[in-house]
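The analysis underlying the following values was restricted to heavy atoms, covering all of them including side chains, and did not include hydrogens, waters or symmetry mates.
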Amino acid sequence: MASQTQGIQQLLAAEKRAAEKVADARRRKANRLKQAKKEADGEINAYKGDRERQYKEYEAKVLGSRGDMEAKIEENTRQKISELNESVKRNSEAALRRLLEIVYDIKPELHENLQL
């Protein structure tokens, strides 16, 4: 009977060691998963940063920088305003003359509905 009790205790001790080994393996697995996730996040962030940098370079190459676009628009606007001012200077006197001709050229006529 003592040998059976001793055998049961050995089985219980073996089961306890096995449970500890399983728990230890689960902890190592969880730690490794956390580590792998951190590494993957680092790689993802590095890749994302690299792709964003490439996109910014491509955007700057194709579209130019915003400053360049703003400068071009500003210059184009100044040029158009200058052209309009020149056109006003050239044509203002002729337009005024034509307007005065229309105002001064009065031809008195009887209205067609007037019955005499």
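- More than 12 non-hydrogen atoms from other residues, nucleotides or ligands lie less than 6.0 angstrom from CZ of R78.
- Atom CG of N76 sits about 10.0 Å away from atom CD1 of I81, to the nearest 0.5 Å.
- Atom CD of E93 sits in a sparse spot, with 12 or fewer heavy atoms from other residues, nucleotides or ligands closer than 6.0 Å.
- The line from CG of N45 to CD of E43 is 10.5 Å long, rounded to the nearest 0.5 Å.
- The pair E75-K72 does not meet the salt-bridge criterion, since no charged nitrogen lies less than 4.0 angstrom from a carboxylate oxygen.
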Is there a side chain to side chain contact (heavy atoms under 4.5 Å, CB included) between K29 and R26 once you walk through the steps? CA-CA 5 Å; K29 179 182 175 184; R26 285 184 181 151; 5.5 Å; no
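- In this structure, S87 contributes its side chain and E83 its backbone to no donor-acceptor pair below 3.5 Å.
- Contact of the Q35 side chain with the R32 side chain is registered, since non-hydrogen atoms from C-beta on lie closer than 4.5 Å.
- Salt-bridge check for D41 with K37: failed, with every basic side-chain N at 4.0 Å or more from each acidic carboxylate O.
- Salt-bridge formation is not detected for the pair K56/E52: no Lys NZ or Arg NE/NH1/NH2 atom is positioned less than 4.0 Å from an Asp or Glu carboxylate oxygen.
- In summary, D24 and R27 engage in a salt bridge, as defined by a charged side-chain N under 4.0 Å from a carboxylate O.
- Y104 and L96 fall within a single hydrophobic cluster, where Ile, Leu, Val, Met, Phe, Trp and Tyr side chains are chained together by heavy-atom contacts under 4.5 Å.
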For R53 and E57, what are the C-alpha separation, side-chain angles and deciding distance, and is it a salt bridge (Lys or Arg N to Asp or Glu O under 4.0 Å)? CA-CA 6 Å; R53 181 188 51 76; E57 289 174 0; 3.0 Å; yes
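- Using a 4.5 Å cut-off on side-chain heavy atoms (C-beta onward), E70 and E74 make no contact.
- Taking CG of L84 as the start and CD of Q79 as the end, the distance is 11.0 Å to the nearest 0.5 Å.
- Other residues, nucleotides and ligands contribute over 12 non-hydrogen atoms within 6.0 Å of the CD atom of Q54.
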